[in-house]
Structures are given as C-alpha cells and as structure tokens.
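For reference, the structure discussed in these notes is given below.
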Amino acid sequence: PQSVPVPTLAATPLLTRAAMLMPAMERWHCGNNEVDTCCAYHVAAKQLKQLAQHLAVGPCAPGFKPLSGLQCPHCLALPRRGSMAGQDCDICGHKLPALDWTQLQSHQ
C-alpha cells in the first residue's frame with residue numbers, strides 16, 4: 001500500500017530539507033577517494049546522492065510516516081517527536097502553532 005501525504009500539511013521546501021540534512025552530513029567521514037571534488041561539502045553531497053539512489057531502489061518501509069500533524073508555519077518542517085505547540089521549531093526557531101487534533105485524528 002502506498003503512503004499518502006497528509007493533505008492539510010504543506011510540502012517542506014527544498015531549502016528547509018537541505019538545512020535539516022546539513023547537520024547529518026557534517027557527521028559523515030566520506031573518505032578521501034574523491035579526487036575530482038573541490039571540497040568536503042561536495043564530497044558529502046555526492047555521497048548523499050548515492051545514498052538517495054540506494055534508498056530509492058530499496059524495499060518499501062511500511063512503518064515510515066511523517067512524525068506528526070504539527071508543522072512549523074515558517075519553515076514548514078515537521079518537528080521532532082515530543083515537540084509541543086508554543087515551543088520553538090528545532091529547525092528555524094519560530095514558535096510552533098497550536099495543534100488541530102481533529103486534523104491529526106482524521107489522517108491516522
């Protein structure tokens with residue numbers, strides 16, 4: 001069965017997704033075998049592309065789903081588990097809105 005996006009949430013923009021990936025990429029040691037790459041950032045970006053290709057052809061992950069029905073109105077990221085309305089977004093620092101429980105319950 002295919003997973004359907006939660007229709008009440010906006011798509012998280014590319015720049016927000018990139019900002020969320022940067023801390024993870026900074027923790028990778030990608031090796032020193034990329035002689036035609038200008039910098040460590042572009043080595044990691046190439047490795048990210050390889051990882052995305054690997055995941056795209058791999059098996060489905062039936063348990064994979066968005067973390068919550070809560071979404072930052074500024075950067076459109078979905079906050080970490082345990083985040084609550086009124087707290088700061090862990091990506092951009094803006095306040096998280098009140099959660100509309102009727103929207104969340106209708107999409108579980």
Side-chain angles (χ1 to χ4, degrees):
Q2 284 189 319
S3 176
V4 180
V6 179
T8 58
L9 300 179
T12 304
L14 181 65
L15 289 177
T16 299
R17 289 181 275 154
M20 294 171 79
L21 281 172
M22 291 297 282
M25 291 169 57
E26 289 174 337
R27 298 182 61 161
W28 300 348
H29 175 69
C30 298
N32 300 322
N33 56 355
E34 302 269 351
V35 294
D36 62 337
T37 305
C38 57
C39 63
Y41 167 75
H42 282 110
V43 170
K46 284 183 176 183
Q47 294 289 319
L48 178 62
K49 181 179 178 181
Q50 290 176 353
L51 174 60
Q53 291 169 338
H54 173 77
L55 294 173
V57 299
C60 291
F64 181 84
K65 62 182 179 179
L67 287 178
S68 71
L70 190 60
Q71 185 173 38
C72 175
H74 182 74
C75 71
L76 302 179
L78 304 181
R80 297 174 192 253
R81 283 186 180 87
S83 294
M84 300 182 67
Q87 290 182 332
D88 293 340
C89 172
D90 59 311
I91 303 303
C92 71
H94 282 76
K95 292 284 183 208
L96 297 174
L99 181 60
D100 182 345
W101 288 102
T102 58
Q103 291 178 352
L104 179 61
Q105 290 170 348
S106 66
H107 297 291
Q108 286 186 346

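Positions are given from 1 along the sequence. For clarity, every value in this text was computed on a predicted model and none was experimentally measured.
Of the inter-residue distances, the one linking K49 atom NZ with H42 atom NE2 reads 12.0 Å to the nearest 0.5 angstrom. Note that CD of Q50 is 7.0 Å distant from CD of Q53, once rounded to the nearest 0.5 Å. Interatomic distance, CE of M20 versus SG of C92, reported as 10.5 Å (0.5 Å rounding).
Among all heavy-atom pairs drawn from L76 and A11, the shortest one is CD1-O, 3.6 Å. Residues M84 and L96 share a closest heavy-atom pair of O-CD1, 3.8 Å. Taking each heavy atom of L9 and L78 in turn, the nearest pair found is CD1-CD2, 3.7 Å. For L70 against S83, the heavy-atom pair with the smallest separation is CD2-O, 4.1 Å. In terms of heavy-atom proximity, P79 sits nearest to D90 at CA-OD1, 4.0 Å. When all heavy atoms of P97 and P73 are compared, the pair lying nearest together is CD-CD, 3.6 Å.
Within the 4.5 Å cutoff, the side chain of W28 has no heavy atoms near those of the V43 side chain. A 4.5 Å side-chain heavy-atom check between D88 and H94 finds every atom pair outside the cut-off.
The hydrophobic cluster containing M22 also contains L51, counting ILVMFWY residues as joined when their side-chain heavy atoms lie under 4.5 angstrom apart, directly or transitively. A single hydrophobic cluster is not seen to contain both I91 and L21; linkage of ILVMFWY side chains at heavy-atom distances under 4.5 Å, directly or through other members, places them apart.
Atom CG of L55 sits in a crowded spot, with more than 12 heavy atoms from other residues, nucleotides or ligands closer than 6.0 Å.
For the pair T16 (side chain) and A77 (backbone), a donor-acceptor distance under 3.5 Å is absent.
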